[in-house]
Undergrad: 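Before I ask anything, here is the structure I am working with.
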2 protein chains.
Amino acid sequence: MAKIHEVAAAAGVSISTVSYALSGKRSISPDTRRRIEEAARELDYRPNAGARMLAGRRTQIFALTEPFRADTHAPAHMAFVLATSIAARRYEYDILLLTEEEASAGMRRVASSGLADGVLVLDVAPDDERVDLARRIALPTVFIGVPDDHEGLVCVDLDFEAASALAVDRLADLGHRSIGFVGHPPTSYEKSNFPPRVRRGLEARAAERGVACTTVLPESDGPRRAPVRAAVRDLVEGGATALVLHCDDTSHAVALDELAALGRRVPQDVSVVSVGATFETSSFQPPIDSVPLVPSASCELAVELAMRMVDGGEVPAAVHLIAPEYRAHGSTAPPGGASG
Amino acid sequence: MAKIHEVAAAAGVSISTVSYALSGKRSISPDTRRRIEEAARELDYRPNAGARMLAGRRTQIFALTEPFRADTHAPAHMAFVLATSIAARRYEYDILLLTEEEASAGMRRVASSGLADGVLVLDVAPDDERVDLARRIALPTVFIGVPDDHEGLVCVDLDFEAASALAVDRLADLGHRSIGFVGHPPTSYEKSNFPPRVRRGLEARAAERGVACTTVLPESDGPRRAPVRAAVRDLVEGGATALVLHCDDTSHAVALDELAALGRRVPQDVSVVSVGATFETSSFQPPIDSVPLVPSASCELAVELAMRMVDGGEVPAAVHLIAPEYRAHGSTAPPGGASG
DNA sequence: TTGAAAGCGATACCAG
DNA sequence: CTGGTATCGCTTTCAA
């Protein structure tokens, strides 16, 4: 824990010069800079965090609020936390965790104690309690996800409607006239903010393209995930030549397994596209086309916006949608294989 | 962001009195204290974090290092992060996230910048790179998990050996003479620190009790988790009258499903005990006896030790083992049902 | 029981 | 291009 004056002494300069040299906030002669950097390195010097917060006007910390809900999908959640942390570090920012009940109390606490420069909100619910709070506190806040009432808020998310539309377009372009949609369990459409958007986008674009679309929202439990299997069977036997999946990874695997059990080949007999997945769909057997939800994309944008706000820049209080991207892995083809 | 002098003015006292009243570090007349607390509440005052770090000698922050390894079991990991955060908040401490590559660089950074008062290490590998680092930095560090080389370190963990022994004792006491052990996939025994301890404890106690013990470490993939099913089948058909499980939740479910498929009732035909699970085993069909790994227990102890170290107290540099607890849910019985 | 004032260790303004 | 120094907001002696 060397201090700045030790570095100054070692380099034979004043402490202000050390500060400027290390922050790069004013020009320093090459020679002086070199001596300072060397001294800093040898002493393993880093500015004291507390002093820096106090003297400078930033903490270099973002608070990350995440209510670990019981129904939170852990792997996806971890991916977002990790992506946020990595994105923040690019700007030399650290992440402070705010969990559970603490989500609200914590935001207040962090705001009034100046512990963080901004707040990133994860795992957003449609009627999220953190919405009101965000409007009240005077701290830059970015939602990663879109609550129902998002007026005046800065939100970041994948354009799920467009993602679904992309999937429908792909299938419609190939000639499919009837597609089946396997979604999350019904409760997800109330507790989470994005499943409804996927469904809406899908059904809307299907209607536009004159494609028949049947939606099933199977429970994700039961022995061998029977509901998912039944959904797949019903859809395929009902005439769907393509399946769009928006569900967890296990349900994906089960759906593929059921197709195999039914003797339907992918993509010859049935085309399959995954929408909004945070997991790798290319490692399924067979690999599945995907319009993924990429955590790093959302989190990087969120952090960038938060940084801009911290720097006093203008950031529109609006939903910042991320354009979806179609990733082909060979699971789609024109309809008409065996069932031709 | 009210400041201390505003509170002092509002309460008609000096700032030092406000500081003392709020920290409780010296006695204040009841009346004065009341006025100060009221003023603080009305102004929503909280000490500025940076100023507090600088003037006081603590940051009120613990760094939590967690390398989000690819093979990390997300739900368990989340449970530990959450438990750590909750435990820390009891002491008015916040959690700063240190991830990935940053695990090592971050520890160094946090130590030399005085960003945290201590470090909590999660997801410990047998040959963890953070071990050497922990010895080098001058920051109280507590490992939640036990690396192979833990000399001079403060570690906290469930006594897995004792947990296994508890399971064996239960079964041996009931009269079982041959038990099967279904463990994690083989690679887990290298990448993670506790599976070997479970296995060791199990086999040792089985030997002591004169109970035959067959170990199988099935892969946790394949269609319908065939390896797990095969393991269960082989063990049961090989004469095991009881199964001890130390694997993920899905494998538990699959194992039970396979027993049902084999026509073996639990516990009449086969007894089943789960060891070291972080998930709820009482909601399986049927509910399963468990000697669980309780995240809150480990994390609370870790935080308590870290706090004691921060406060300058004595904490033995040793492995602090948590005594396991047997939770009966009706999945064990004397052997001799159908197979009499 | 209370108050005045000396730091804590940086940043950034004002000079030179 | 470099230095002196006021300042950030609190904690904690030292005095009364």
Side-chain angles (χ1 to χ4, degrees), chain A residues 1-37 39-40 43-61 92 109-115 117 310-312, chain B residues 1-37 39-40 43-61 92 109-115 117 310-312:
Chain A
M1 299 251 301
K3 310 174 194 185
I4 195 168
H5 80 259
E6 304 180 44
V7 177
V13 296
S14 70
I15 64 165
S16 62
T17 300
V18 173
S19 178
Y20 283 120
L22 262 27
S23 71
K25 289 187 182 175
R26 80 180 183 192
S27 53
I28 301 287
S29 78
D31 181 57
T32 305
R33 141 161 287 124
R34 201 190 38 66
R35 275 173 19 241
I36 292 175
E37 283 170 351
L43 293 168
D44 190 32
Y45 168 77
R46 279 186 193 73
N48 176 278
R52 180 142 65 170
M53 290 184 198
L54 188 56
R57 61 182 348 155
R58 3 161 74 60
T59 63
Q60 311 262 75
I61 292 177
E92 310 249 80
R109 183 166 54 81
V110 158
S112 58
S113 68
L115 222 191
D117 295 335
V310 169
D311 288 337
Chain B
M1 301 250 303
K3 310 173 194 186
I4 196 170
H5 78 259
E6 304 180 44
V7 178
V13 296
S14 71
I15 64 167
S16 62
T17 301
V18 172
S19 177
Y20 282 121
L22 263 26
S23 71
K25 290 189 181 172
R26 82 179 180 192
S27 54
I28 301 288
S29 78
D31 181 57
T32 305
R33 144 162 283 126
R34 200 188 40 65
R35 277 174 15 242
I36 291 175
E37 282 171 352
L43 292 168
D44 190 34
Y45 168 76
R46 277 186 193 74
N48 176 277
R52 188 164 34 190
M53 290 184 198
L54 188 55
R57 62 182 348 153
R58 6 161 71 62
T59 63
Q60 312 260 74
I61 291 177
E92 310 250 79
R109 184 166 54 80
V110 157
S112 58
S113 69
L115 223 191
D117 296 333
V310 168
D311 288 337

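By convention in this document, chain letters (A, B, ...) are assigned in the order of the sequence lines, proteins followed by strands, and residues within each chain are numbered from 1.
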Undergrad: What string of B, S and - do you get for nucleotides 8-16 of chain C, 5' to 3', if B is base contact, S is sugar-phosphate-only contact and - is no contact with any protein heavy atom under 4.0 Å?
TA: BBBBBBB--
Undergrad: Atom CG of A:Asp31 and atom C1' of D:dT2: how far apart are they, to the nearest Å?
TA: 13 Å
Undergrad: Between A:Ile28 and A:Val13, is any pair of side-chain heavy atoms under 4.5 Å apart?
TA: no
Undergrad: B:Ser27 side chain N/O closer than 4.0 Å to the phosphate oxygens (OP1, OP2) of C:dT1?
TA: yes
Undergrad: Taking atom C1' of D:dG9 as reference, at what distance in whole Å does atom CG of A:Leu115 sit?
TA: 14 Å
Undergrad: Going by side chain to side chain contact (heavy atoms under 4.5 Å, CB included), name the residues that satisfy it together with A:Arg57, two or more places apart in sequence or in a different chain.
TA: none
Undergrad: Please report the shortest heavy-atom distance between A:Ala8 and A:Val18, naming the atom on each side.
TA: CA-CG2, 3.5 Å
Undergrad: For the OG atom of B:Ser19 and the NZ atom of B:Lys25, what is their distance to the nearest 0.5 Å?
TA: 7.5 Å
Undergrad: Restricting to side chain to side chain donor-acceptor pair (under 3.5 Å), what partner residues turn up for A:Thr32, sequence neighbours left out?
TA: A:Ser29
